[in-house]
Amino acid sequence: MMETADPVLLFANIRASQEELGRRVDRHGLNAKIEEPAVIDLQRFAANLKTAWKSGETRPTHRRPYRRTKPYPKRPSMYEPFEAQIKAWLEEEPALSAASVLQRLTKIDPSRFQEMNLRMVQRVVKAWRVEMAGLIILDGGWMKSWPISLSCNGGG
């Protein structure tokens with residue numbers, strides 16, 4: 001690279017750098033105290049990134065939070081007519097997979113249910129399981145059914 005560089009341009013850049021250095025020395029003097037670089041706490045900085053925009057700071061990554069102005073569409077689900085049947089299947093066999101539920105629905109109405117509906121059936125099954133888990137936890141009856149061992153009570 002040095003072989004192809006223009007020597008006149010190279011010397012001009014060296015001279016400009018020397019002049020800039022001379023100006024800085026003239027401004028601060030030869031005995032100027034060297035300023036310590038500011039210590040930046042990266043953890044604090046990273047923690048403040050999420051909320052700094054709230055206090056008015058803007059940066060290229062700043063975005064306003066999305067606020068939906070239109071109401072969510074309220075249309076009936078294609079699973080509503082089969083909801084009671086799905087719940088009955090899941091109450092009989094709680095470990096029944098969503099794929100098995102979809103196979104049963106396909107047998108009932110092949111024109112309506114296909115393999116591409118698996119994700120929605122998974123959501124329906126998950127919603128039922130979350131509902132049942134909430135009932136079990138909030139009811140507390142599951143604790144009464146557990147046998148209490150003597151080792152847990154401290155022997156008495």
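- Applying the salt bridge (charged side-chain N to carboxylate O under 4.0 Å, His left out) test to residues at least two apart or on different chains, the pairs with a partner in residues 98-116 are E93-R104.
- Heavy atoms of other residues, nucleotides or ligands lying less than 6.0 angstrom from CZ of R68 number more than 12.
- The shortest non-hydrogen separation linking L90 to R129 is CD2-NH2, 4.3 Å.
- Looking at S17, its side chain does come within 3.5 Å of a backbone N or O of N13 through a donor-acceptor pair.
- Note on ring orientation: taking the six-membered ring where Trp is involved, the planes of F82 and F113 are perpendicular (angle over 60°, cut-offs 30° and 60°).
- Among residues two or more places apart in sequence or in another chain, the side-chain hydrogen bond (donor to acceptor under 3.5 Å, both in side chains) test is passed with S77 by none.
- Remark: E131 engages K87 in a side chain to side chain contact (heavy atoms under 4.5 Å, CB included) (not counting sequence neighbours).
- Residues L118 and I108 fall within the same hydrophobic cluster, defined by Ile, Leu, Val, Met, Phe, Trp and Tyr side chains chained together at heavy-atom separations under 4.5 Å.
- The CD1 atom of I86 sits 12.0 Å away from the CD atom of E91 when rounded to the nearest 0.5 Å.
- Clustering ILVMFWY residues whenever any of their side-chain heavy atoms sit less than 4.5 angstrom apart, transitively, puts V101 in a cluster other than the one holding V130.
- Nearest heavy-atom pair, P81 versus M78, reported as atom, atom and distance to 0.1 Å: CD-O, 3.6 Å.
- Using a 4.5 Å heavy-atom threshold, the side chains of L96 and V125 count as separate.
- Rounding to the nearest 0.5 angstrom, the gap separating the OH atom in Y79 from the CG atom in N117 is 4.0 Å.
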